[in-house]
Amino acid sequence: MTQTRRAFLKTATASAGAITVLPFAAKAQDQMSDTFETSAGDIIVHPIEHASFVMETPLGTIYCDPVGEADAYADYPAPDLILITHEHGDHFNADTLTALMGDETHLITNPNVHGMLPTDMMETAETLENGGSTTWNGLTIDAIPAHNTTEDRLNYHPPGRDNGYVLSFEDFRVYISGDTEPTEEMMALEDIDLAFLCMNLPYTMTAEQAAEAVQSFTPTYVYPYHYRGQDGGTQDPAEFAELAGDATEVKMGDWYAEGEI
């Protein structure tokens with residue numbers, strides 16, 4: 001995997017003088033979006049908040065873990081595909097899904113979330129277990145185990161329940177971690193071009209753990225996200241970027257409003 005077959009471009013919403021790595025408290029004046037050129041066409045990433053984001057892709061618009069007010073998504077194309085990693089309230093909200101789902105929107109969840117869906121949504125939603133794979137509109141989607149590995153954190157995300165996802169757009173592969181610590185499956189990932197990597201305590205991993213992970217599976221680009229924690233558990237994405245070194249190129253998203261972390 002080399003950087004020569006793809007290029008990173010800042011969209012017009014980001015200022016011309018923006019730098020790649022920013023302290024986590026620094027905020028852009030406007031919502032930041034990034035465009036990635038691939039052989040299949042452009043992929044545009046729109047961070048929404050914490051664990052929620054929108055990707056405009058050549059195969060359709062994909063929402064991942066949309067929660068909060070539906071108005072937060074009003075400026076983006078309606079979803080063709082929605083991915084839910086697990087049941088926690090910062091990743092899954094049935095009311096938000098009801099507001100966002102269109103007649104043709106396809107929904108993919110892990111089994112636990114599927115059982116919590118409204119009846120009409122449950123009838124059409126697709127379920128993926130850890131290790132499962134499916135295709136949607138020509139896109140291959142693999143469900144990657146997402147869980148804690150540290151003994152005193154296992155109750156947050158037990159093995160076998162929650163999903164991360166790998167999306168394969170021809171020669172461009174996207175990894176979405178969901179809530180997890182570094183797992184064998186994560187560390188063994190190959191040819192990942194873009195990763196979304198969680199880091200917060202006590203629920204997921206530290207910046208150090210996340211840096212160790214990217215040094216192992218070496219994504220071309222990575223967004224640190226989901227880094228607001230509790231009781232001092234917020235992780236600094238700038239520290240993560242420093243620890244990751246030249247293993248990856250860190251991209252900062254506009255994940256939090258002023259004062260939220």
Side-chain angles (χ1 to χ4, degrees), residues 1-3 5-9 20-22 24 32-38 40 42-48 50-57 62-65 83 85-86 91 130 139-147 149 157 162-200 203-227 235-255:
M1 179 175 62
T2 65
Q3 295 189 28
R5 57 187 175 90
R6 66 191 68 85
F8 169 79
L9 301 173
T20 298
V21 178
L22 301 172
F24 75 84
M32 291 193 296
S33 300
D34 296 326
T35 299
F36 299 86
E37 291 182 351
T38 82
D42 288 352
I43 293 176
I44 306 173
V45 174
H46 305 286
I48 303 299
H50 190 57
S52 304
F53 61 90
V54 171
M55 289 197 303
E56 295 182 70
T57 85
I62 301 172
Y63 286 20
C64 185
D65 286 345
L83 300 171
T85 61
H86 67 291
H91 296 261
N130 285 182
L139 175 68
T140 299
I141 303 169
D142 299 308
I144 308 300
H147 59 85
T149 58
H157 306 95
D162 306 338
N163 287 341
Y165 295 104
V166 169
L167 315 180
S168 297
F169 299 88
E170 295 184 6
D171 67 344
F172 194 90
R173 282 162 50 85
V174 179
Y175 170 58
I176 303 164
S177 73
D179 280 8
T180 188
E181 292 183 73
T183 63
E184 292 182 5
E185 293 83 0
M186 177 196 294
M187 302 295 255
L189 289 170
E190 296 181 344
D191 299 327
I192 299 298
D193 298 278
L194 175 62
F196 295 84
L197 207 59
C198 63
M199 54 188 78
N200 71 336
Y203 304 113
T204 65
M205 59 181 123
T206 64
E208 291 83 359
Q209 286 178 297
E212 179 183 356
V214 298
Q215 288 167 354
S216 177
F217 72 89
T218 59
T220 305
Y221 307 108
V222 62
Y223 282 97
Y225 82 142
H226 197 286
Y227 48 83
Q235 301 298 295
D236 184 345
E239 178 185 0
F240 159 74
E242 182 176 355
L243 292 169
D246 60 3
T248 185
E249 186 172 336
V250 178
K251 304 299 179 187
M252 294 298 172
D254 196 21
W255 300 104

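What's counted below: heavy atoms across the whole structure, side chains too, no hydrogens, waters or symmetry copies.
With Y221 as reference, F36 is the one residue of F196, F172, F36 to meet the ring pair (Phe, Tyr, Trp, His ring centres under 6.0 Å) rule.
Looking at heavy atoms from C-beta onward, Y225 lies in side-chain contact with S177 at the 4.5 angstrom threshold. Looking only at side-chain heavy atoms (C-beta outward), V214 and F240 come within less than 4.5 Å of each other. Counting only heavy atoms from C-beta outward, the side chains of V250 and P224 approach each other to under 4.5 Å. Under the 4.5 Å side-chain criterion, counting only non-hydrogen atoms from C-beta, N163 is not in contact with H86. Contact annotation: the side chain of C198 never approaches that of Y227 to less than 4.5 Å [non-hydrogen atoms, C-beta and beyond]. At least one side-chain heavy atom of L197 sits under 4.5 Å from a side-chain heavy atom of Y175.
When every heavy atom of A207 is checked against every heavy atom of M199, the shortest pair comes out as CA-SD, 4.2 Å. Of all heavy-atom pairs spanning G253 and P47, the tightest one is CA-CG, 3.8 Å. Closest of all the heavy-atom pairs between P182 and M205 is CD-SD, 3.6 Å. Looking at every heavy atom in both residues, H91 comes nearest to A51 through CE1-CB, 3.4 Å. Nearest approach of Q215 to A244, heavy atoms of both residues: NE2-O, 3.9 Å. When all heavy atoms are compared, the tightest approach of F53 to I48 is CA-CG1, 3.8 Å.
At least one donor-acceptor pair under 3.5 Å links the side chain of Q209 to the backbone N or O of T206. No donor-acceptor distance shorter than 3.5 angstrom exists from the side chain of D162 to the backbone of P145, with no hydrogens or angles considered. Not one N or O on the side chain of Q235 forms a donor-acceptor pair closer than 3.5 Å with the backbone of E208. With hydrogens and angles disregarded, no donor-acceptor distance shorter than 3.5 Å links the side chain of D179 to the backbone of Y203. With D236 contributing its side chain and A238 its backbone, the two residues share a donor-acceptor pair below 3.5 Å. S168 places no side-chain N or O within 3.5 Å of a backbone atom of R173 that could act as its donor or acceptor partner. At least one donor-acceptor pair under 3.5 Å links the side chain of S52 to the backbone N or O of D65.
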Check your understanding: Can I62 and L167 be said to form a side-chain contact (heavy atoms from CB on, under 4.5 Å), step by step?
Key -> CA-CA 11 Å; I62 301 172; L167 315 180; 4.2 Å; yes

Exercise for review: For the pair V45 and L194, evaluate side-chain contact (heavy atoms from CB on, under 4.5 Å) and give the outcome as yes or no after the intermediate values.
Suggested key: CA-CA 10 Å; V45 174; L194 175 62; 4.0 Å; yes

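Atoms CZ and CE, from F217 and M187 in turn, are 9.0 Å apart once rounded to the nearest 0.5 Å. Here the straight-line distance linking atom CD of E184 with atom CG of L189 works out to 12.0 Å at 0.5 Å rounding. Atom-to-atom distance recorded for T149:OG1 and E181:CD is 3.5 Å, nearest 0.5 angstrom. Taking CD1 of I176 as the start and CG of L83 as the end, the distance is 5.5 Å to the nearest 0.5 Å. To the nearest 0.5 Å, atoms OG1 (T220) and CD (E249) are separated by 9.0 Å. Going from atom CE of M55 over to atom CD1 of I43 covers 6.5 Å, rounded to the nearest 0.5 Å.
At a cut-off of 3.5 Å, with distance as the only test, no side-chain donor of D42 or T35 sits close to an acceptor on the other residue. Of the N and O atoms on the side chains of D34 and Y223, at least one donor lies less than 3.5 Å from an acceptor on the other residue.
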